*Asks:* 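Sharing a structure with you now.
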Amino acid sequence: MSLKTPAAPDAHTPDPDGGQDPVPSPEAIADLVADAITAPSLHNAQPWRFRYDPDRRAVEVRADPDRGIALSDPEGRAAHLGCAAALFNLRVAAAHAGWKPVTRLLPDPDDPLLLAEVRLDGGRALYDATRQPYRKTTETYRRSGEPYDGTADAYDELADLYPALRRRRTSRAPFTEERIDEQLLDTLRRAALIEGARLAFPDEFHGETVLELGRDAERRQLSDAGLREELAAWTGDHRTRAGGTPPDDGIPSDAFGPRARTGNAPVRDFGAGDDTPGRPVADFERSPQLALLGTAGDSRADWLRAGQALERVLLEATLDGLATSLASEALEWDELRWAVRDPSSALSHVQMVIRFGYGDQPGPALRRRPVREVLTVTGDG
């Protein structure tokens, strides 16, 4: 798929208050949301909605309560991560189009579905005039290690990630045995830190522990009828919409990846227990390169920071030629999630396990719901 060009100047409408700042048109917002929803989410449930108010030049990122995964994600932690990944993509797309995406997390405590608000300040001229000062502000943040508060952003660095939005895929195929250079690992650590999270790479011993915890979680899921039914509702080719067309969510069989020839693959096996004919078999890497993405706290705000950090890391990895996949199985069980934490690191709460490597199969692009189903435009604009 070809990359979109930056929004043209005529994508703006006049400021309704008569000020100098332009107002993004609903069509321009639709383009931003189309980029935002390329984000990953648990079982590709796409648990997000967006609301645009032209009067305030603000886009709300909201949780969609109808797309929760009740048994695997009873507290909504994974839904927050998915919505926050979409929020980060929105910021990237907005910066690429020349806006300053000023972000507030959980802006209204009386509206729990409102997860974030992104105000689109300025236009391309203002953005170009101020990008260097904002870079300095964010560099100061990086040195301090303080959590990202959404008020200062390196908009040029955000825009640089834009080419990865539609190239990023989850790969459940084998990776090569080639090790990742330490300098690149530092780049990924930095990407997480910018968003208020940390990325730790466990040693081989703890990495094997994390893999075994994931296998334990899969065995638990297979032995629980309710969890098996919930997983089947989001995966496989038996799911159809009216008229027999494929659904716009979930994970089809061609995205399951191959079965492991021996042992267990370092990815969730969505086809476990299913003898689907024709599914390929492959040898996976002997020593998967795993990372633990975590936060000091475990509040809703921490989940939202972690989701943005997750997507920033994934986009950075994509630009740097790495393949990635996510492993959240063990994190869906409280007692296993606690054990995933690496005692040698400073991570108090692991939010995601990421597998990195080099591979020739990026994975298929999963379907997404149409923008018209997830975006509402309000106000008089």
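This structure is a prediction, so every number in the text was calculated from the model and none was measured. Every heavy atom of this structure was used, including side-chain atoms; hydrogens, water molecules and symmetry mates were not.
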*Asks:* Taking the side chain as every heavy atom from C-beta outward, state whether Asp73 and Glu332 have any pair of such atoms under 4.5 Å apart.
*Replies:*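 With C-beta onward as the side chain, the pair stays apart.
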*Asks:* Is the count of non-hydrogen atoms from other residues, nucleotides or ligands lying under 6.0 Å from Glu204 atom CD greater than 12?
*Replies:*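 No, CD of Glu204 has 12 or fewer neighbouring heavy atoms, counting only those of other groups under 6.0 Å.
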*Asks:* Please check if the side chain of Arg57 supplies one atom and the backbone of Val23 the other of a donor-acceptor pair under 3.5 Å.
*Replies:*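 No; zero donor-acceptor contacts below 3.5 Å.
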*Asks:* Keeping the roles fixed (side chain from Gln289, backbone from Glu178), state whether a donor-acceptor pair exists under 3.5 Å.
*Replies:* yes
*Asks:* Would you find a donor on one side and an acceptor on the other, under 3.5 Å apart, between the side chain of Asp320 and the backbone of Leu322?
*Replies:* no
*Asks:* Measuring from Leu319:CG to Tyr162:OH, what's the distance to the nearest 0.5 Å?
*Replies:*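 If we round to the nearest 0.5 Å, Leu319:CG and Tyr162:OH are 13.0 Å apart.
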*Asks:* Would you check, one step at a time, whether the test side chain to side chain contact (heavy atoms under 4.5 Å, CB included) holds for Leu158 with Phe88?
*Replies:* CA-CA 9 Å; Leu158 281 175; Phe88 184 78; 3.6 Å; yes
*Asks:* Between Arg220 and Asp216, does any side-chain N to carboxylate O distance fall below 4.0 Å?
*Replies:* yes
*Asks:* Could you tell me whether the side chain of His238 and the main chain of Ala232 form a donor-acceptor pair under 3.5 Å?
*Replies:*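 Such a contact is found between His238 side chain and Ala232 backbone.
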*Asks:* What do the steps show when you test Arg369 against Asp64 for side chain to side chain contact (heavy atoms under 4.5 Å, CB included), and what is the final call?
*Replies:* CA-CA 13 Å; Arg369 291 193 286 165; Asp64 187 340; 3.6 Å; yes
*Asks:* Applying side chain to side chain contact (heavy atoms under 4.5 Å, CB included), run through Ile354 and Leu326 and close with a yes or a no.
*Replies:* CA-CA 5 Å; Ile354 311 172; Leu326 306 179; 4.1 Å; yes
*Asks:* Do any pairs count as a side-chain hydrogen bond (donor to acceptor under 3.5 Å, both in side chains) and have a residue in residues 221-230, sequence neighbours left out, and if so which ones?
*Replies:*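 Those involving residues 221-230 are Ser72-Glu230.
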*Asks:* At what distance, to the nearest 0.5 angstrom, does CZ of Arg268 lie from CD of Glu329?
*Replies:* 4.5 Å
*Asks:* Flag the pair Leu366 / Pro252 as yes when at least one side-chain heavy-atom distance between them is below 4.5 Å, and no otherwise.
*Replies:* yes
*Asks:* Which pair of non-hydrogen atoms, one from Leu347 and one from Leu292, has the smallest distance, and what is that distance?
*Replies:* CD1-O, 3.3 Å
*Asks:* So which of Ile37, Leu32, Val33, Thr38 actually passes side-chain contact (heavy atoms from CB on, under 4.5 Å) with Asn89?
*Replies:*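 Filter result, single survivor: Thr38.
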*Asks:* Main chain of Glu373, side chain of Arg49: is a donor-acceptor contact present, judged purely on distance under 3.5 Å?
*Replies:*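 Present.
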*Asks:* Is Leu81 reachable from Ile69 through a run of I, L, V, M, F, W or Y residues, each pair having side-chain heavy atoms under 4.5 Å apart?
*Replies:*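 Cluster IDs for Ile69 and Leu81 differ.
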*Asks:* For residues Arg168 and Arg368, report the shortest heavy-atom separation together with the two atoms involved.
*Replies:*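 Looks like NH2-NH2, 3.9 Å.
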*Asks:* Could you tell me which non-hydrogen atom of Ala309 sits nearest to which non-hydrogen atom of Ala197, and how far apart they are?
*Replies:*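 Smallest heavy-atom distance, with atoms named: CB-CB, 3.6 Å.
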*Asks:* Evaluate salt bridge (Lys or Arg N to Asp or Glu O under 4.0 Å) for Arg77 paired with Glu75, printing each intermediate quantity in order.
*Replies:* CA-CA 6 Å; Arg77 186 183 65 85; Glu75 296 182 343; over 6 Å; no
*Asks:* Can a donor-acceptor pair be found, under 3.5 Å and without considering hydrogens, that links the side chain of Glu60 to the backbone of Leu114?
*Replies:*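 Such a contact is absent between Glu60 side chain and Leu114 backbone.
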*Asks:* Any chance you could measure Leu231, atom CG, to Leu71, atom CG, to the nearest 0.5 Å?
*Replies:* 11.0 Å
*Asks:* Going only through I, L, V, M, F, W and Y residues with side-chain contacts under 4.5 Å, is there a path from Leu310 to Leu105?
*Replies:* no
*Asks:* Look at the side-chain heavy atoms of Ile, Leu, Val, Met, Phe, Trp and Tyr, link any pair under 4.5 Å apart, and say whether Val350 and Val267 land in one connected group.
*Replies:* no
*Asks:* Side-chain heavy atoms under 4.5 angstrom apart, residues restricted to Ile, Leu, Val, Met, Phe, Trp, Tyr: same cluster for Val61 and Val371?
*Replies:*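 Same hydrophobic cluster.
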*Asks:* Measure the shortest side-chain to side-chain distance between Glu316 and Ile194 over non-hydrogen atoms and say whether it is less than 4.5 angstrom.
*Replies:* no
*Asks:* Can you measure from CG (Leu314) to CG (Leu188) and round to the nearest 0.5 angstrom?
*Replies:* 9.5 Å
*Asks:* Say whether Leu213 and Trp333 are linked into one hydrophobic cluster, either directly or through other cluster members, by side-chain heavy-atom distances under 4.5 angstrom.
*Replies:*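 Leu213 and Trp333: one cluster.
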*Asks:* Which heavy atom of Phe256 sits nearest a heavy atom of Arg279, and at what distance?
*Replies:* O-NH2, 3.7 Å
*Asks:* Could you check if a side-chain atom of Ile29 sits within less than 4.5 angstrom of a side-chain atom of Val377, using non-hydrogen atoms only?
*Replies:* no
*Asks:* My understanding is that only one of Arg367, His43, Gln46, Arg239 makes a side chain to side chain donor-acceptor pair (under 3.5 Å) with Asp249; could you say which?
*Replies:* Arg239
*Asks:* Atom CG in Asp342, atom CG in Asp203: separation rounded to 0.5 Å?
*Replies:* 6.5 Å
*Asks:* Do side-chain atoms of His349 reach the backbone of Arg341 as a donor and acceptor pair under 3.5 angstrom?
*Replies:* no
*Asks:* In terms of side-chain geometry, is the basic nitrogen of Arg56 or Glu117 positioned less than 4.0 Å from the acidic oxygen of its partner?
*Replies:*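 A salt bridge links Arg56 with Glu117.
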*Asks:* Taking the basic N atoms (NZ, or NE/NH1/NH2) and the acidic carboxylate oxygens, is any pair closer than 4.0 Å for Arg337 and Asp334?
*Replies:*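 Answer for the salt bridge query: no.
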*Asks:* Is any side-chain heavy atom of Pro65 closer than 4.5 Å to a side-chain heavy atom of Leu113?
*Replies:*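 In contact.
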*Asks:* When you look at CD of Gln183, are more than 12 heavy atoms from neighbouring residues, nucleotides or ligands closer to it than 6.0 Å?
*Replies:*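 Counting neighbours around CD of Gln183, 12 or fewer heavy atoms of other residues, nucleotides or ligands fall under 6.0 Å, so no.
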*Asks:* Does the side chain of Pro163 reach to within under 4.5 Å of the side chain of His96, using non-hydrogen atoms?
*Replies:* no
*Asks:* Among pairs that include at least one residue of residues 350-360, which meet salt bridge (Lys or Arg N to Asp or Glu O under 4.0 Å), considering only residues two or more places apart or in two chains?
*Replies:*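 Listed once each, the pairs are Glu285-Arg355.
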*Asks:* Heavy atoms, side chains only, cut-off 4.5 Å: are Arg190 and Leu199 in contact?
*Replies:* no
*Asks:* Distance-only, no hydrogens or angles: does the Ser328 side chain make a donor-acceptor pair with backbone N or O of Leu331 under 3.5 Å?
*Replies:*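 No; judged by distance alone, with no hydrogens or angles, the pair does not exist.
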*Asks:* Please determine if Arg91 and Glu195 form a salt bridge, counting it only when a charged side-chain N lies under 4.0 Å from a carboxylate O.
*Replies:*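 Result for this pair is yes, salt bridge flagged.
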*Asks:* Taking the six-membered ring for Trp, are Trp303 and His80 parallel (under 30°), tilted (30 to 60°) or perpendicular (over 60°)?
*Replies:* perpendicular
*Asks:* Is there a side-chain contact between Val313 and Phe356 (heavy atoms, below 4.5 Å)?
*Replies:*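 Answer yes - side chains close enough.
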*Asks:* Over all heavy atoms of both residues, which pair between Leu120 and Pro24 is shortest? Give the atoms and the distance, please.
*Replies:*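 Of all heavy-atom pairs spanning Leu120 and Pro24, the closest is CD1-CG, 3.7 Å.
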*Asks:* Considering all heavy atoms of both residues, which atom of Gly68 and which atom of Trp234 are nearest to each other, and what is their separation?
*Replies:* O-CZ2, 4.4 Å
*Asks:* With a 3.5 Å distance limit and no angle check, can you tell me whether Thr378 reaches the backbone of Tyr52 through a side-chain donor-acceptor pair?
*Replies:*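 Here the side-chain-to-backbone pair exists.
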*Asks:* Run the numbers on Thr295 and Gln351 for side-chain hydrogen bond (donor to acceptor under 3.5 Å, both in side chains), then give the verdict.
*Replies:* CA-CA 7 Å; Thr295 51; Gln351 306 293 352; 2.9 Å; yes
*Asks:* Before you tell me yes or no, could you show the steps for Ile180 and Tyr358 under side chain to side chain contact (heavy atoms under 4.5 Å, CB included), namely the whole-Å CA-CA distance, both residues' side-chain angles and the distance that decides it to 0.1 Å?
*Replies:* CA-CA 8 Å; Ile180 301 172; Tyr358 296 96; 4.0 Å; yes
*Asks:* Measure from the side-chain N and O atoms of Asp121 to the backbone N and O of Lys100, and report whether any donor-acceptor pair falls under 3.5 Å.
*Replies:*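 No: the side chain of Asp121 does not pair with the backbone of Lys100.
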*Asks:* Rounded to the nearest 0.5 Å, how far apart are OG of Ser348 and CG of Asp302?
*Replies:*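 Going from the OG atom of Ser348 to the CG atom of Asp302 covers 9.5 Å.
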*Asks:* Identify, with sequence neighbours excluded, every residue that meets side chain to side chain contact (heavy atoms under 4.5 Å, CB included) alongside Glu208.
*Replies:* Leu211, Arg215
